2 protein chains.
Amino acid sequence: MKIKNSRLDAIRLILSTQEIGSQEELLNELAKEGFTLTQATLSRDLHQLRVVKTVGVQGKYRYVLTRPHQYRHDGSEGEMRPIAPAVMEVNGFLSIKFSGNIAVIRTKPSYASTLAYHIDAYNFPEVVGTIAGDDTVMLVISENATRGAVLKALRSIIPNL
Amino acid sequence: MKIKNSRLDAIRLILSTQEIGSQEELLNELAKEGFTLTQATLSRDLHQLRVVKTVGVQGKYRYVLTRPHQYRHDGSEGEMRPIAPAVMEVNGFLSIKFSGNIAVIRTKPSYASTLAYHIDAYNFPEVVGTIAGDDTVMLVISENATRGAVLKALRSIIPNL
DNA sequence: ACGAGTATTGCATATTTCTTCAATTTTTAC
DNA sequence: GTAAAAATTGAAGAAATATGCAATACTCGT
């Protein structure tokens, strides 16, 4: 199903870049992109993508992507990369600081999970894992990686870094 | 409000130990604990706790806590912790990796907060604290603890480790 | 190309969740 | 202690989301 897959991609993209608070709202955005579907189908799409409705800082609801299933993560055996994410720039980035083997990335409110999603999806060997709050991503650096290497990796998805 | 706070604690505990798929189900569990409230109030409680409804591995819906509780965790005195949950095995564990003084634990989707909750509840001296995302727990190791000690401690609640 | 099996979808509706409003209850400031 | 302000709650209904079913579209093997 070509249409469905590109629609799911469109959903991911929209949720990564906009604050969507209801399925109807998302439906409108999808319509702008040329996708015609009903709320029923969208509900099923979101279920399949494991999208969740969270509560933002000001109490607003927002749909956000959860993470892709992580098959592996440290270059050891049995490679099996998750879906190659579309090359895209992640916005919402504010700053990055290091402490020990941890990088703390600040984002605009509610953008953290989106950024973490993209970092995870790329499966950088420099990154052991990430955790996202609302506006902060904590990233654990691999023991054999330098901060410079981490920055270099992140630059491929964060434009203004 | 004493009642409300203990009710929120009860909600946290229930969501950390059971797979709850709807507010009505949670309402029943709360009733067993002696809390009488309506679904309307529960909806507001969940909003306040920023609980989210996720999609579990088999496609089941499940309410999960978004952030681990900020009960304190450094062994010092005088702070109330949640009731230590009955000794139980936590499932959903996938892998654990270390980097510096951090352990990154991967879980099945949506199991991270549950696992973090239990780790917190046990108050292991080897663990300074945890934060949890959807499928990842980051655990900060005490300065005087070894990785082996952490593993040993975790083995008491994670069966297949 | 054909048919069986599978997947996708819309419609209509069921189910679930959220919110408004008014009525308490609790807290705060004197 | 008392009055005003704030918080909590339930009832009811609005809003949002999920799903059974039937129709249609696609896939795969032959």
Side-chain angles (χ1 to χ4, degrees), chain A residues 1-15 18-66 69 83 110 113 134, chain B residues 1-16 18-67 80 109-110 113 134:
Chain A
M1 248 314 177
K2 208 145 197 299
I3 295 166
K4 183 180 178 188
N5 286 333
S6 69
R7 189 180 65 227
L8 294 184
D9 272 341
I11 290 170
R12 280 191 271 250
L13 180 58
I14 291 169
L15 293 183
Q18 298 180 50
E19 302 205 357
I20 300 295
S22 72
Q23 294 185 8
E24 194 176 335
E25 210 177 312
L26 181 49
L27 225 41
N28 289 337
E29 293 301 322
L30 285 167
K32 290 182 190 169
E33 304 287 333
F35 294 96
T36 53
L37 69 163
T38 62
Q39 176 272 324
T41 298
L42 180 55
S43 172
R44 285 181 274 238
D45 284 354
L46 294 178
H47 182 269
Q48 184 176 345
L49 290 173
R50 296 175 35 92
V51 164
V52 304
K53 192 180 182 180
T54 63
V55 181
V57 264
Q58 318 94 326
K60 294 271 184 189
Y61 290 98
R62 179 179 179 194
Y63 281 90
V64 300
L65 297 166
T66 55
H69 296 78
I83 33 148
S110 84
S113 67
D134 182 68
Chain B
M1 243 317 174
K2 209 151 194 299
I3 295 165
K4 183 179 177 187
N5 286 333
S6 70
R7 187 180 66 226
L8 294 183
D9 271 341
I11 290 171
R12 283 190 271 248
L13 181 58
I14 291 169
L15 293 184
S16 295
Q18 298 178 49
E19 302 206 356
I20 301 294
S22 73
Q23 294 184 9
E24 193 176 338
E25 212 177 311
L26 181 49
L27 224 42
N28 288 337
E29 293 301 322
L30 285 167
K32 289 183 190 168
E33 304 288 334
F35 294 96
T36 52
L37 70 162
T38 61
Q39 178 272 325
T41 298
L42 180 56
S43 173
R44 285 180 278 238
D45 285 354
L46 294 179
H47 183 269
Q48 184 176 344
L49 290 172
R50 293 170 48 89
V51 164
V52 304
K53 191 181 185 181
T54 65
V55 181
V57 267
Q58 321 96 324
K60 294 271 186 191
Y61 289 98
R62 178 179 179 193
Y63 281 90
V64 300
L65 299 165
T66 52
R67 27 189 76 184
M80 115 167 19
S110 87
S113 66
D134 179 68

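No hydrogens, no waters, no symmetry mates; every other heavy atom, side chains included, goes into these values. A note on names: the letters A, B, ... follow the listed sequences, proteins ahead of strands, and every chain is numbered from 1. Fair warning: this is a prediction, and the values are worked out from it, not measured in the lab.
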Given atom CG of B/Leu42 and atom P of D/dT9, what is their separation to the nearest angstrom? 11 Å

Whole angstrom is fine here: how far is it from CG in B/Asp45 over to P in D/dG10? 9 Å

Residues A/Leu65 and A/Ser113: closest non-hydrogen pair is O-OG, 4.4 Å

Non-hydrogen side-chain atoms of A/Tyr61 and A/Val55 separated by less than 4.5 Å: yes

Starting from P on C/dT8, measure out to CZ on A/Phe35 and report it in whole angstrom. 15 Å

Which of these nucleotides, C/dT17, D/dA18, D/dT19, is closest to any side-chain atom of B/Tyr63? C/dT17

Between CD1 on residue A/Ile11 and CD on residue A/Gln48, distance to nearest 0.5 Å: 9.0 Å

Rounded to whole Å, how long is the line connecting atom CG of A/Leu27 with atom C1' of C/dT9? 13 Å

Side-chain donor-acceptor contacts of residues 31-44 of chain B below 3.5 Å, not counting sequence neighbours, with atom names and distances?
from: B/Lys32; atom 1: NZ; to: B/Glu29; atom 2: OE2; distance (Å): 3.2
from: B/Gln39; atom 1: NE2; to: B/Gln23; atom 2: OE1; distance (Å): 2.7

For A/Glu24 and C/dC18, what is the distance between atoms CD and C1' respectively, to the nearest whole Å? 15 Å

Rounded to whole angstroms, how far apart are NE2 on B/His47 and C1' on D/dT9? 17 Å

Think B/Tyr61 has a side-chain N or O under 4.0 angstrom from the OP1 or OP2 of C/dT17? no

I'd like to check B/Ile14 versus B/Leu30 (side-chain heavy atoms, cut-off strictly below 4.5 Å). Are they in contact? yes

Distance criterion of 3.5 Å, no angle test: do you see the side chain of A/Gln39 paired donor-to-acceptor with the base of D/dA16? no

To the nearest Å, how far apart are A/Asn5 CG and C/dT8 C1'? 12 Å

Sorted by position of nearest nucleotide on DNA chain D, 5' first, the leading residue of A/Lys53 and B/Thr38 is B/Thr38

Checking A/Lys53 against B/Val52 for the side-chain contact (heavy atoms from CB on, under 4.5 Å) test, could you report, in this order, the C-alpha distance in whole Å, the side-chain angles of both residues, the deciding distance, and whether it holds? CA-CA 6 Å; A/Lys53 192 180 182 180; B/Val52 304; over 6 Å; no

Using heavy atoms to find the nearest nucleotide of DNA chain D for B/Thr41 and A/Thr41 separately, return the residue whose nucleotide is more 5′. B/Thr41

Counting only side-chain N and O atoms of A/Ser43, is one of them less than 4.0 Å from OP1 or OP2 of D/dT17? no

Side-chain-base donor-acceptor pair under 3.5 Å for B/Arg44 and C/dT20: yes

Heavy atoms under 4.0 Å, any strand shown: does A/Leu37 hit a base, just sugar-phosphate, or nothing? sugar-phosphate

B/Lys4 side chain N/O closer than 4.0 Å to the phosphate oxygens (OP1, OP2) of D/dA7? no

Which whole-number value in Å describes the distance from B/Arg7 CZ to D/dT8 P? 9 Å

Are any of the side-chain heavy atoms of A/Leu46 and A/Leu26 separated by less than 4.5 Å? yes

Bend angle of the helix from C/dA1-D/dT30 to C/dC30-D/dG1, from helix axes over five pairs at each end, nearest 10°: 60°

